Chemist: 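First the structure, then my questions, so here it is.
What you are looking at is a predicted structure, and each value in this text was computed from that prediction instead of being measured. Order of the sequence lines sets the chain letters (A, B, ...), proteins ahead of strands, with each chain counted from 1.
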Amino acid sequence: MHRIFLNSIVLLVGLFAATASFADSSTAHDGVAPSAGNAAAAAAVEKKGFIADYDNIFIVKGGPEAKPTTEIKPLEWNWVDKLFYNPMGWINSFTDQLGPEVEQPIEFPHDRHAGDPGKVNPDGKTGDGINCMYCHTFARRSLTAGIPPLRKCIGCHQNIPSVRDTPRIVKLFEYWDAGKPIPWKKVHDLPDYVRFNHERHIQRFVFKQERPYKEVCGYCHGDVASMTVARRQRTLSMGFCVNCHKKNHSLDSTYTKAGHGPNDCFMCHK
Amino acid sequence: MSIANLLQNWSRYRDTHPYGGAKPHMGYKWAMAIDMDICTGCNACSVACYAENNLAVVGKEKFLNGKSMHWLRIERYWHDTPEPTDPLQLTAYTASGAGKHFPDQGAHFLPIMCQHCEAAPCETVCPVGATNHTQDGINSQIYNRCVGSRYCLVNCPYKVRYFNWYNYQDPATENVWPEPLNQQLNPDVTVRSKGVMEKCTFCVQRLRAVMVDARTEERLVREGEVQTACQQACMAGAISFGNMLNPDSRVGKQWIEQGVNIALDVQSKNEHVGDNTPKRGYRILENLRPYPSVMYLEQVRESSV
Amino acid sequence: MTLKIKDDKPFLRDTSKMLWDGEPAHAEVKDMSPHISFAQITSDVVNSLENPRPIYWWAIAVCVFMIAVGVACEVYQYRTGLGVSNKSNTNVWGVYIASFVFWVGVSHAGTLLSALLHLTHSDWRKSVFRYAEAMTTFALMTAGLFVLVHLGRMWQVYYVMPYPNERGVWSNFQSPLVWDMFVIGTYLTCSSIFLYTGMIPDLAVFRDNIHDGWRKKLYTFLAMGWQGTDRHWRNFRVAYLTLSVYLIILAVSGHSVVSSDFAMSQQPGFHITSFPPYFVVGALYSGNAALITVFIVLRFMFRYEQYLNMDVLRKLVRLTFALAMIWTYLHLIEMATVWYGHDTAARDQLYFKATGAYAGWWWLFNFLAIVCPWVMAFRRWQTNLPVQMVLSLLLNVGMWLERWMIVAPTLGHSHYPWTFDFDQWPSFVQWGILFASFGWFALLILIFCKVFPAVSMYELKELNYARKVEAHHALVGEPATKGAH
Amino acid sequence: MSKRHLLALFDSFDEAGEAILELRKAKFKGFDTDHDMIIKSPIEHPEFERVLGPKPVHVQWFPLFGSLVGCTFLFILVSGAQANFFEQLKGGKPIVPIPINLVITYALFMLSGVFFTVLGLFVCAGLPARRVPLYTSRVLDDQIGVLVKADEATLPAIKAIFTKHKAVEFQEEAGK
């Protein structure tokens, strides 16, 4: 009885924390002076409604039903780039771009969580089709995508008794009981001195262009929904970024602003 | 892409020079105005810059040796106007503190940082293209591209670039941030290693943060949404910074008010003799035509009132 | 060889006597004596590979020591940071860039002698041009080292090169430093090719005369099967002529581009239109002075007294004097344009040079580079080896100071008053690396002269043949016609 | 009839030249003076050109071709790189600055010219070359060698001409 009470409090706190983390999404960045503009900005955010509310998290814009999934295609190379201007990038596009296998404290099964519900995974179970941004909540509003806090895992797994005794979940609760965070290892480790911005990419491609999130996230991260432990799929080198930034990504035919990514060094290096 | 670039209109990818030409700065032109009548020379801006931008505190010895790293320096000029022959002006002259010795002598303070020139002399000479002009009018400095030829500093008329003569983050040689102090480093700003050039960036990490937010919300950055560290620290409010293209911005209004046009190297305000409104705005070394983005407002001297 | 001269007695080789006395000024010494036979030229040059004077090995040891000093300084600077060389944020360039310009300058004399004087059929150059051409290559290699030493992050120097890279980023083609990289790289490549191409017939002689060891393999490979057939010579003549035309243009454009490092900047004192010709002539001047130094050293070390003789030295000294006068004119003109110009910053800069922290060095350089060469105007000193040795070294010191005076005081007094109070005296690291550069250059020259023909055998034979024909006609009484072309 | 090589060594350029002239006048059957005679000498001797007959040199066309092609190629390449490098925003300067590119193009004009000159030398002069059958190191030292290739029957007559003009030494290929 005591334990159920405690757990329900934890669940409530967890839910509150998760909700709060969505609510404060328009907070200005550090170092920005508070101004009258921020309230208006927050209002604009509310009105636009491009940040999904908690209830509809599984069907945020850009979910699987938004548009038919297109294949994750490699970069397109024209012959001039191949021959003269970026032969190394072209050659690299043939080679194995897999990153090293990272050994995580808990082998988090991405396929079980994010996989297609209709598809059977190697372990005999189907995926749950959870949106990436359900756990990596910071991706749509900050530089980093963020690793979910432990309470987020517990928040769900508290209520899923069927898998409670599997070794990975046991380990998860061990961390929880010890009150320690899980020491996840970084998989997509960019080179130093470069600051990739998740927010702009997610906002533009998932929320503005309404592309499927699997395609958008998968462009750099690969088909994570079919992996257990995530592994780096692309070189994530500067040429990888630059080649994409040179392409035209106009939102539509009436969109007059530059269709390509920013060509400004100060955007990523500062 | 490349052949197409050659055949297409290249100006699609860049701005025309200088500001005010056929193409606007994609909605932004960051600029600054410093009112030296308000400036007290308290050095708070310089200290704020040290804190914000992870500047190395090199110590007295290296500072005197010319290896200082302050992106914003306060220059002090003593008032040494010759004594006027006209006795009527003598009172004002004495009041200004001119002609006296140290404690009573009048001083002028000039905070100077990278002027973010529209036609920056440093940009064209960098062999590796480490310093460029961004579309919003900032002179960028990319540390990981810099090879340290120091040509940009040679060509900078203001000498506001600072070279990393030592590895200030290396505990073995020059430990500027010993153990607990490294916690105060700003994570948004690269800690520079030896052999690269650095300079004022108009606190680009703050600018980019608000610009990203604004872009997400499909608007432009509002006036007052972003401040540079020096602006924030200036207790007197001598520094104004903002988007010059924004009609609400204080800095844009100041530039217009003072009759300083960023696209001119000789300001028309100097030619209107009949105009009685006092115009104090000027830019340093304008005649070299770098078209700097920082305007200074002259100190009002008692002798001229 | 059938000598059509009656009194064909062997030339006296009393080298010990000839060493420092020189030949009497009144003697009618030609640039090449007709009394030498072709075979003797071959044997003299081939022998120079084997038995240089003992001082050669001492010189090698000294050079290695000098390099060791510089390497130690560079390792210290590399590990600690450029700050140990004691430059400051106003005086950012200093000795390294000055030495870079100096060494690029030294390289120009070789091209002048080997290419320009080849086109003008100045036959006296034939004994000196080979080592001069080698000096070109080695001086450029030394200059390249200074670029590396100067860079803050030398391990990323490849960023300057425009190569198709994965990042899609290119070097900035608008920067004079990139032009430098292009032009100096081209100059180094082309002068090496020119040096090698001109050496092919001589390498074939070495191949035929040396019968074992690694050198035999080296010469066999490098000579490329040269056999002196008419087809070889015919094509060689045209190719060599074409190469020398290219080299002249390259040398002029090379130092012009180096000067644009300075002239293209806004710094008062650098921003001077007359810099390109000023630099090119200054380069020829200092290069010729260095040539005289090496002339005297090689003449002694490798017993080349018959070939590097007094007549050649006299012509070399006269050439140097002429260049010194042209340089003086350009130097004065440069100051005059600043003096009468409207640019107050540049004028202040000139005042600062003459009266500021570097005034002593500035006046010393003016004395060494303008007044000292007048010694060369006197015939009696022109062939005096000790005088020329000291003088050529002094001129080189003066011309190095000239480059240093372009770099250091100028940066110490810019547009902006903030820069005015810093005068940086270079630390031992800068001096050590400069010291080592001379050792490095000398070592390369010494090794070259021991391994490759330091004087051109086939050109000497051509000269010798021409002189023989002249002597024959003088004897027989026929009108002298041109022997070799 | 089998052909054989004969190398005659001379001490004097004049004698060698006269011997060649006489050979050309003699017009032996099966002996083409333009192709079957090679002069080897330690120095370049333009007087031989007169007695050897017209022998055109084509080296000079190589640098012309090389320079033009090289500089055009580089100009296009550099301009393309500049246009492609759209990250580079230089305040107030055009993306493809013509005068500046000319400086770089000029350097490559000469570099490719020099490379092609050497290439031309190697192609035209036939370098790197194999040793021909008869060779003595003295032709690079102080003697002039005349190497002829002729029918066995005509060789004695040629040899007689050489002897007449004071050839100091003969080398003959062994009969096959």
Chemist: Which of the residues Arg231(C), Glu459(C), Met457(C) is involved in the greatest number of heavy-atom pairs with chain D at under 4.5 angstrom?
Modeler: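 Answer, by heavy-atom pair count under 4.5 Å with chain D: Arg231(C).
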
Chemist: Where on Val245(C) is there a heavy atom nearer than 4.5 Å to chain D: the side chain, the backbone, both, or neither?
Modeler: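 For Val245(C), there is no contact with chain D at all, as no heavy atom is under 4.5 Å.
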
Chemist: Count the heavy atoms of every other residue, nucleotide or ligand shown that sit under 6.0 Å from CZ of Phe221(C), and state whether that count exceeds 12.
Modeler: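 Incorrect, the count does not exceed 12.
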
Chemist: Listing request: all salt bridge (charged side-chain N to carboxylate O under 4.0 Å, His left out) pairs with a residue in residues 58-67 of chain D, at least two apart in sequence or in separate chains.
Modeler: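 Qualifying pairs, neighbours excluded: none.
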
Chemist: Among residues at least two apart in sequence or on other chains, which ones pass ring pair (Phe, Tyr, Trp, His ring centres under 6.0 Å) with Phe194(C)?
Modeler: Tyr240(C)

Chemist: What part of Val146(D) is in contact with chain C, defined as an atom under 4.5 angstrom from a non-hydrogen atom: side chain, backbone, both or neither?
Modeler: neither

Chemist: Just by modelled atom types, is the Val103(D) backbone N or O under 3.5 Å from a matching donor or acceptor in the Trp179(C) side chain?
Modeler: no

Chemist: Heavy-atom pairs under 4.5 Å with chain D - which of Tyr458(C), Tyr246(C), Phe182(C) has more of them than the others?
Modeler: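 Top count of heavy-atom pairs under 4.5 Å with chain D: Tyr246(C).
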
Chemist: Lys461(C) side chain to Asp142(D) main-chain N or O, any donor-acceptor pair under 3.5 Å?
Modeler: no

Chemist: Under 3.5 Å, side-chain donor or acceptor atoms of residues 54-64 of chain D against the rest of the protein: list the pairs with distances, not counting sequence neighbours.
Modeler:
from	atom 1	to	atom 2	distance (Å)
Lys55(D)	NZ	Asp34(D)	O	2.8
Gln60(D)	NE2	Val57(D)	O	3.2

Chemist: Could you list which of residues 184-192 of chain C have a heavy atom closer than 4.5 Å to any heavy atom of chain D, in residue-number order?
Modeler: Thr186(C), Thr189(C), Cys190(C)

Chemist: Can you list the steps and then say if Tyr135(D) with Asp208(C) is a side chain to side chain contact (heavy atoms under 4.5 Å, CB included)?
Modeler: CA-CA 11 Å; Tyr135(D) 179 76; Asp208(C) 291 345; 2.6 Å; yes

Chemist: Heavy-atom distances under 4.5 Å only: say whether Thr197(C) touches chain D with side chain, backbone, both or neither.
Modeler: side chain

Chemist: What distance separates Ser253(C) OG from Phe109(D) CZ, expressed to the nearest 0.5 Å?
Modeler: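 These two atoms lie 11.5 Å from each other.
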
